[in-house]
Amino acid sequence: RRAAFGLAAAAAASVSLATSAFAQDKLQLRLSSPASETDQRAVALVEKFGPAVSDFASFEPHWNATLYKQGTELEAIARGNLEMSIASAQELAVFFPEFSIFTAGYVHQSAEHQVAVFNDPLMDPFKQKVEDELGVKLLSVMYLGKRQLNLKGDRDVQTPEDLDGVKLRMPGTDAWQFLGRALGANPVPVAFTEVYTALQTGAIDGQDNPIPTVVDAKFYEVTDQIVLTSHLVDLNYLTIGLEVWNNLSEEQQQAVQSAADEAAEFGRQNQLAKEEELVSFVEEQGLKVYEPDLAAFRERVQSMYLESEYAADWPEGVLDQINALGE
Ligand code: KDO
């Protein structure tokens, strides 16, 4: 019995060795992101992208910024140390200032508008520059959702003036910090993985993220209200290293591209559904959810951007083209 068991165990071990050796023969596609594994972008990539490329690639995501710190992923790809990421336009704007057009408040109108913009020829020179100068390919656009203000305390926020003195956590790049100022708050840079503790200890008065993220990251446990400013219909680009891409056969490139598009679409639909559904969940958790004077926010944010140094970097005519693709 013992011997038989031993043999069976050895056979099982050699099978798993063979499997892992085979896995190593495949192209390794590591993705690093601060997103949690239950974030809808993560779920979509694991359920749709990984299986769709599994014939030739082993998709290995690392969530919660465990492989690379938030904001350092693009450089890691450029250096050949990482294969994939879920990059923000704000991160791309660090390298290419013109990407700040996609970081400006009240420019993108909806998930569909984001897709129309990403697939429009207006995007070609942006994509080309990222490939040529950073060695990164933007595969598809992923929907993160409408960013809302999520604050501690019972301050009534109707206009940007009501955010005066509010320490609002925004992610670490300049483009994000400017959005915080445009909203009327005092922006404070904090990495996503540290936001919960910063809220809990009172180091910050609030943060901004779509409602599904407020739920997924449990920010509702340490905040009291959500102000529905919808100031940024937020996106991420699913990226891959250009060298990795160029080493794929044409058939493999097609498989990666359609897997990326399929995952993005799946994640988008799930996130849109969650944005609707979860309003009642956060209310049940005791948070006050209300709409402020949206015209006041839109007016201030848009005029701050247009008067800023950011707008000077926007290629001529592109804002009009983006607007024309919306409603
Ligand atoms: C955040 O740090 O608030 C943010 O929402 C910014 C996004 O660009 C994106 O990186 C996201 O975090 C992470 O994926 C975690 O959800």
Side-chain angles (χ1 to χ4, degrees), residues 31-46 61-77 82 84-95 99-100 102-105 107-108 111 114 118 136 138 140-151 167-180 183 185 187-199 204-220 222-223 226 229-239 263-264 267-268 270-271 274-275 278:
L31 177 143
S32 182
S33 170
S36 76
E37 65 200 37
T38 44
D39 179 293
Q40 291 311 306
R41 292 162 301 165
V43 170
L45 287 167
V46 168
H62 297 262
W63 309 115
N64 301 306
T66 45
L67 193 57
Y68 285 96
K69 276 203 309 198
Q70 182 174 27
T72 63
E73 303 91 343
L74 284 171
E75 205 174 321
I77 297 178
L82 178 69
M84 296 183 74
S85 80
I86 307 177
S88 64
Q90 290 80 357
E91 287 158 1
L92 282 155
V94 171
F95 301 94
F99 265 87
S100 67
F102 307 117
T103 73
V107 168
H108 280 121
Q114 286 178 353
F118 186 78
V136 172
L138 308 185
S140 207
V141 65
M142 302 195 96
Y143 180 66
L144 180 55
K146 298 188 287 289
R147 294 182 83 95
Q148 317 292 4
L149 295 174
N150 173 212
L151 308 175
K167 282 182 279 168
L168 182 68
R169 176 273 171 176
M170 298 297 287
T173 75
D174 287 349
W176 280 117
Q177 297 292 299
F178 183 79
L179 178 58
L183 288 164
V188 184
V190 178
F192 181 76
T193 42
E194 271 139 47
V195 174
Y196 184 97
T197 312
L199 287 166
I204 51 174
D205 302 320
Q207 65 93 29
D208 86 309
N209 254 300
I211 290 177
T213 306
V214 171
V215 173
D216 189 55
K218 299 198 163 47
F219 296 150
Y220 63 84
V222 285
T223 54
I226 292 178
T229 43
S230 299
H231 50 272
L232 184 68
V233 183
D234 204 6
L235 59 76
N236 290 108
Y237 304 110
L238 182 60
T239 77
R268 183 160 36 247
N270 288 341
Q271 190 78 336
K274 287 209 173 280
E275 259 185 322
L278 292 174

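Just so it is clear, the model here is predicted, and its values are computed rather than measured. Along the sequence shown, the residues carry numbers beginning at 1. Counting convention: from 1, in listed order, for ligands and their atoms alike. Basis for what follows: all heavy atoms, side chains included, without hydrogens, waters or symmetry-related copies.
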### Task
Check whether any side-chain N or O of Q114 sits under 3.5 Å from a backbone N or O of V233 as a donor-acceptor pair, and report yes or no.
yes
### Query
Less than 4.5 Å apart, any side-chain heavy atom of W176 and any of E91?
no
### Query
What residues form a side-chain hydrogen bond (donor to acceptor under 3.5 Å, both in side chains) with T103, not counting sequence neighbours?
none
### Message
Once rounded to the nearest 0.5 Å, what's the spacing between atom CG of N150 and atom CD1 of I211?
### Response
8.5 Å
## Note on the structure
Those residues at least two apart in sequence (or on a different chain) that pass side chain to side chain contact (heavy atoms under 4.5 Å, CB included) with E75 are R79
#### Entry: Every residue of the protein that comes under 4.0 Å of ligand 1, judged on heavy atoms
S33, P34, A35, D39, R41, Q70, S88, L144, R147, R169, P171, W176, F192, N209, N236
### Message
For K218, give me all partners under side chain to side chain contact (heavy atoms under 4.5 Å, CB included), at least two apart in sequence or on another chain.
### Response
Y196, Y220, E221
